[in-house]
Number of protein chains: 2
Amino acid sequence: MPDALQPVFRALGDPTRRDILRLLGQEPMTIAEVADNFAMTRAAVKKHLVVLSDGGLITVAPRGREKVNSLNALALKPALEWMGWFDQFWDDRLDALKTAIEKETTDDTGHNNG
Amino acid sequence: MPDALQPVFRALGDPTRRDILRLLGQEPMTIAEVADNFAMTRAAVKKHLVVLSDGGLITVAPRGREKVNSLNALALKPALEWMGWFDQFWDDRLDALKTAIEKETTDDTGHNNG
DNA sequence: CTTAAGTGATACCATTTGGTATCTCAACAT
DNA sequence: ATGTTGAGATACCAAATGGTATCACTTAAG
């Protein structure tokens with residue numbers, strides 16, 4: 001898959017969807033609850049939720065006749081890591097430091113602490 | 001400005017534009033040089049470059065009759081910082097640690113969540 | 001069963017988007 | 001001056017996008 005993070009960036013490309021993510025960061029919500037925070041119909045919000053779900057940014061769980069949408073912030077990591085590639089242009093000194101550290105740890109478990 | 005980072009996310013929403021950014025990360029290029037790396041016309045690439053420039057992700061400098069496009073990775077920071085808000089959902093333990101440190105200075109009630 | 005509430009699925013619309021084709025302008029080489 | 005090359009500007013097109021309206025389905029409540 002040449003560009004697996006396209007659905008993520010695609011989902012982040014709309015301000016309403018970014019707002020929805022922040023909203024769901026507070027607490028899981030049904031479609032109606034989410035839609036109550038925006039000046040558009042439930043159907044429109046639902047479309048945004050589909051795009052978000054398509055990008056893996058939210059998970060949807062049925063609760064009776066409702067659908068509870070929960071944030072899955074972990075899906076943001078690929079996009080964040082893609083951006084991380086550009087760190088080298090922000091601060092070369094810090095990048096040199098990281099490179100030096102990486103040379104010491106030839107382990108490939110991919111531990112990524114901040 | 002309610003959403004100043006919209007142009008940035010908008011620019012990142014297209015895979016071609018993300019590829020262009022990586023490409024310009026190697027070295028500044030003219031429009032023709034950039035277009036030489038994609039299976040589309042110069043005009044199409046130019047449009048992408050306009051979007052990227054609109055998001056501040058690249059800078060354009062004339063050199064003779066050519067236009068040299070250079071990466072401006074610093075413009076990614078607002079988007080990165082927006083994503084940083086979701087760090088709290090990635091690693092609760094780290095967040096709890098940070099919270100604990102903050103509590104040391106405020107001497108709040110010892111309300112610990114498991 | 002009947003009714004209401006929450007959701008899913010279409011159909012439809014206006015606008016944006018990604019792309020090409022084409023023309024013109026500016027700069028370099030001869 | 002002339003021809004060539006890089007780039008800007010338009011016009012144009014097909015497809016995607018964001019949104020509404022509407023209807024069907026499912027679940028909860030009487």
Side-chain angles (χ1 to χ4, degrees), chain A residues 2-24 27-72 79, chain B residues 2-24 27-72 79:
Chain A
D3 203 348
L5 46 80
Q6 170 59 16
V8 179
F9 276 115
R10 188 258 211 257
L12 293 177
D14 185 273
T16 299
R17 287 195 286 268
R18 290 198 301 276
D19 287 344
I20 291 177
L21 286 182
R22 295 293 285 257
L23 201 60
L24 293 180
E27 58 178 352
M29 293 184 187
T30 66
I31 298 177
E33 283 172 337
V34 174
D36 201 47
N37 289 272
F38 297 92
M40 65 184 73
T41 63
R42 270 182 304 112
V45 170
K46 171 61 162 52
K47 281 191 177 182
H48 285 304
L49 290 173
V50 168
V51 176
L52 287 171
S53 175
D54 196 52
L57 292 166
I58 64 171
T59 58
V60 188
R63 186 183 60 188
R65 66 179 163 182
E66 298 174 341
K67 289 291 184 67
V68 181
N69 303 272
S70 302
L71 174 68
N72 179 28
Chain B
D3 203 347
L5 46 80
Q6 170 60 15
V8 179
F9 275 116
R10 188 258 210 260
L12 293 176
D14 184 273
T16 298
R17 287 194 286 267
R18 291 197 301 277
D19 287 345
I20 291 177
L21 287 182
R22 295 293 285 257
L23 201 60
L24 293 181
E27 57 179 354
M29 294 183 186
T30 66
I31 298 177
E33 285 172 336
V34 173
D36 201 47
N37 289 271
F38 297 92
M40 65 183 72
T41 63
R42 270 184 302 113
V45 169
K46 171 62 163 50
K47 280 191 177 182
H48 285 304
L49 290 174
V50 168
V51 175
L52 287 171
S53 175
D54 196 52
L57 292 164
I58 65 171
T59 58
V60 188
R63 187 182 59 188
R65 65 178 165 183
E66 298 174 342
K67 288 290 183 68
V68 181
N69 303 272
S70 303
L71 175 67
N72 178 28

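Hydrogens, waters and symmetry mates are skipped; everything else that's a heavy atom, side chains included, is used. Each chain gets a letter, A, B and so on, in the order its sequence line appears, and its residues count up from 1.
Here the side chain of Asn72(A) pairs a donor or acceptor atom with the backbone of Gly56(A) at under 3.5 angstrom. Of the possible donor and acceptor atoms, one in the side chain of Arg17(B) sits under 3.5 Å from a partner among the backbone N and O of Ala11(B). In this structure a side-chain-to-backbone donor-acceptor pair under 3.5 Å is present from Gln6(B) to Gly13(A).
Contact annotation: His48(B) reaches the phosphate of dG19(C) (side-chain N/O to OP1 or OP2, under 4.0 Å). Neither OP1 nor OP2 of dT7(C) sits under 4.0 Å from any side-chain N or O of Lys46(A). For Thr41(A), no side-chain nitrogen or oxygen approaches OP1 or OP2 of dG19(D) to under 4.0 Å. Taking only side-chain nitrogens and oxygens, Arg42(A) never comes nearer than 4.0 Å to OP1 or OP2 of dG8(C). Put simply, Thr30(B) has a side-chain N or O that comes within less than 4.0 Å of OP1 or OP2 on dA7(D).
With distances taken from any side-chain atom of Met40(A) to the nucleotides dT20(D), dG19(C), dG8(C), the minimum falls on dT20(D). Side-chain atoms of Glu66(B) lie closest to dG6(D) of the nucleotides dG6(D), dG8(D), dG19(C).
Computed from coordinates, the Leu49(B) CG to dG6(D) C1' distance equals 13 Å when rounded to whole Å. One can place CG of Asp36(A) at 15 Å from P of dA5(C), the figure rounded to the nearest angstrom. Put simply, CD1 on Ile20(A) is 11 Å from P on dG18(D), counting in whole angstrom units. The NZ atom of Lys67(B) sits 13 Å away from the P atom of dC28(C) (whole-angstrom rounding). When rounded to the nearest whole Å, the span between CD1 of Ile31(A) and P of dT7(C) equals 5 Å. In this structure, Asp14(A) atom CG and dA16(D) atom P are separated by 18 Å, rounded to whole Å. Glu33(A) places its CD atom 16 Å from the P atom of dA5(C), with the value rounded to the nearest Å. In this structure, Leu12(B) places its CG atom 12 Å from P of dG18(C), rounding to the nearest Å.
Heavy atoms of Arg10(A) sit under 4.0 angstrom from primed sugar atoms or phosphate atoms, though from no base atom. Across all strands shown, Ala44(B) has heavy atoms under 4.0 Å from base atoms, whether or not it also approaches the sugar-phosphate. Across all strands, Arg63(A) comes closer than 4.0 Å to no nucleic acid atom at all (heavy-atom distances). When heavy atoms are screened at a 4.0 angstrom cut-off, Lys47(A) is found touching base atoms of the nucleic acid. Nucleic acid contact for Ala43(B): base, since at least one base atom lies under 4.0 Å from a heavy atom of the residue.
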Q) Which is it for Met29(B) and Asp36(B) under the side-chain contact (heavy atoms from CB on, under 4.5 Å) test, yes or no, and what are the steps along the way? A) CA-CA 10 Å; Met29(B) 294 183 186; Asp36(B) 201 47; over 6 Å; no
Q | Derivation of the side-chain contact (heavy atoms from CB on, under 4.5 Å) call for Leu21(A) and Leu12(A) | A | CA-CA 9 Å; Leu21(A) 286 182; Leu12(A) 293 177; 3.7 Å; yes
Q: Might you work through the side-chain contact (heavy atoms from CB on, under 4.5 Å) test for His48(B) and Met40(B), ending with a clear yes or no?
A: CA-CA 11 Å; His48(B) 285 304; Met40(B) 65 183 72; 4.0 Å; yes
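Under 3.5 Å, the side chain of Arg65(A) and the base of dA28(D) form no donor-acceptor pair of N or O atoms.
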